[in-house]
Amino acid sequence: MPQGQPSAVPDDGLTTRQRRNRPLTIVHTGVGKGKSTAAFGLALRAWNQGWPVGVFQFVKSAKWKVGEERALRVLGDSGEGGTVAWHKMGEGWSWVQRSMESSEDAAREGWEQVKRDLAAETYRLYVLDEFAYPMHWGWVDTDEVVAVLRDRPGTQHVVITGRNAPPALVDAADLVTDMSKVKHPMDAGQKGQRGIEW
């Protein structure tokens, strides 16, 4: 295993092992491709460690079959790693006009379920896919999210994806990656394709 050295050691009274095993809040944001893909990569690592994984999709359509869902469900059912539960809370892509009221209700209920699962310590890793959008749109209160994540029990890791992650969430997170776009096939008029986008 890599033996990286931290740039600073906080005076928090914790041992190296205690500090290493603290639960993380991770944010993947920005306009570039790969935010959800990176989060699902973390889910694969968590599955390999035998951790129970909960995936909550907040914006992607419940009708759309994404490749990561099938792969993680098969792995979760294999009996070899951790379990995987997949919850679809949204009604469609953020750039497709849908019933905003029902989408808002679905996002709020999704967050309520996440809060219940955090309180019960249901999963070791939570993937809150596209959850930055409901906070950005004001459907879910960012300050409440920050407080719930700060006060969650146990060693539950949470990764949140989506563009426009609110500044308060970014400030509270332990790890933030901003995916920037350098170039994308859509810029040249090419639509998403099988095996790349889904």
Side-chain angles (χ1 to χ4, degrees), residues 1-12 14 16-49 51-60 66 68 72 87 89-90 93-95 107-108 110-111 113-115 117-118 121-184 197:
M1 294 299 296
Q3 298 295 316
Q5 295 296 321
S7 57
V9 177
D11 185 18
D12 55 12
L14 299 177
T16 300
R17 180 179 302 272
Q18 289 170 325
R19 197 175 300 110
R20 175 184 291 151
N21 293 323
R22 290 190 317 192
L24 298 176
T25 298
I26 302 166
V27 175
H28 297 166
T29 193
V31 298
K33 180 174 167 48
K35 297 177 286 292
S36 296
T37 302
F40 295 137
L42 286 175
L44 288 173
R45 290 179 178 170
W47 169 84
N48 185 59
Q49 293 297 322
W51 296 357
V53 176
V55 177
F56 296 80
Q57 287 191 294
F58 279 85
V59 177
K60 292 184 175 94
V66 296
E68 295 95 343
L72 282 166
H87 309 276
M89 320 313 287
W93 286 99
S94 57
W95 53 84
R108 285 189 178 141
W111 171 237
Q113 183 59 52
V114 170
K115 289 195 305 186
D117 284 330
L118 285 167
E121 298 184 59
T122 305
Y123 307 107
R124 182 83 187 270
L125 176 70
Y126 295 74
V127 176
L128 308 187
D129 190 35
E130 310 287 3
F131 188 50
Y133 288 105
M135 285 184 278
H136 176 70
W137 294 329
W139 296 353
V140 174
D141 182 65
T142 301
D143 291 336
E144 180 191 14
V145 171
V146 168
V148 168
L149 295 181
R150 181 193 62 226
D151 298 335
R152 68 189 183 273
T155 54
Q156 303 174 95
H157 301 282
V158 178
V159 57
I160 296 171
T161 72
R163 295 181 182 201
N164 302 311
L169 176 67
V170 169
D171 289 345
D174 302 291
L175 172 60
V176 179
T177 300
D178 188 320
M179 307 272 189
S180 62
K181 183 185 80 163
V182 175
K183 195 175 187 181
H184 195 290
E197 272 75 30

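Each residue takes its place number in the sequence, starting with 1.
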Going by the rule side chain to side chain donor-acceptor pair (under 3.5 Å), which residues pair with Arg19 if we only count those two or more places apart in sequence or in a different chain? Asp12
Residue set satisfying side chain to side chain donor-acceptor pair (under 3.5 Å) with Thr122, at least two apart, ordered chain then number -> Asp117
Quick test of your reading: applying ring pair (Phe, Tyr, Trp, His ring centres under 6.0 Å), list the pairs with at least one residue in residues 154-179, sequence neighbours left out, ordered by first then second residue. Trp51-His157
Return yes if a side-chain donor-acceptor contact under 3.5 Å exists between Thr161 and Asp129, otherwise no. yes
Mind checking side chain to side chain contact (heavy atoms under 4.5 Å, CB included) for Ala43 and listing every partner two or more places apart, or none if nothing turns up? Val53, Leu72, Leu125, Val127
Residues in ring pair (Phe, Tyr, Trp, His ring centres under 6.0 Å) contact with His136, at least two apart in sequence or another chain: none
Qualifying residues under ring pair (Phe, Tyr, Trp, His ring centres under 6.0 Å), relative to His184, sequence neighbours excluded: none
Residues 147-156, side-chain donor-acceptor partners within the protein, below 3.5 Å, at least two apart:
| from | atom 1 | to | atom 2 | distance (Å) |
| --- | --- | --- | --- | --- |
| Arg152 | NE | Gln156 | O | 2.6 |
| Arg152 | NH1 | Thr25 | OG1 | 3.1 |
| Arg152 | NH1 | Leu149 | O | 2.5 |
| Arg152 | NH2 | Leu24 | O | 3.0 |
| Arg152 | NH2 | Thr25 | OG1 | 3.4 |
| Arg152 | NH2 | Gln156 | O | 3.1 |
| Thr155 | OG1 | Arg124 | NE | 3.1 |
| Gln156 | OE1 | Tyr126 | OH | 2.6 |
| Gln156 | NE2 | Leu118 | O | 3.0 |
| Gln156 | NE2 | Pro153 | O | 2.8 |

Please confirm whether the ring centroid of Phe131 lies under 6.0 Å from the ring centroid of Trp111. yes
Which residues pass the salt bridge (charged side-chain N to carboxylate O under 4.0 Å, His left out) test with [X], not counting sequence neighbours?
X      : value
Asp11  : none
Arg108 : Glu104
Glu144 : Lys115

Correct closest heavy-atom pair for Gly162 and Thr29 would be O-OG1, 2.8 Å
Kindly give the heavy-atom pair with the smallest separation between Ala107 and Trp139, and that separation in Å. CB-CE3, 3.8 Å
Going by the salt bridge (Lys or Arg N to Asp or Glu O under 4.0 Å) test, which pairs reach into residues 26-39, not counting sequence neighbours? Lys33-Glu197
What pairs of residues pass the side-chain hydrogen bond (donor to acceptor under 3.5 Å, both in side chains) test when at least one of them lies in residues 164-176, not counting sequence neighbours? none
Quick one: pull up [atom1] in [X] and [atom2] in [Y] and give me the separation to the nearest 0.5 Å.
X      : Y      : atom1 : atom2 : result
Glu130 : Phe58  : CD    : CZ    : 11.0 Å
Asp141 : Met135 : CG    : CE    : 10.0 Å
Asn21  : Thr16  : CG    : OG1   : 10.5 Å

Under the criterion side-chain contact (heavy atoms from CB on, under 4.5 Å), I'd like the reasoning laid out for Val55 against Glu68: C-alpha separation, chi angles, the key distance, then a yes or no. CA-CA 11 Å; Val55 177; Glu68 295 95 343; over 6 Å; no
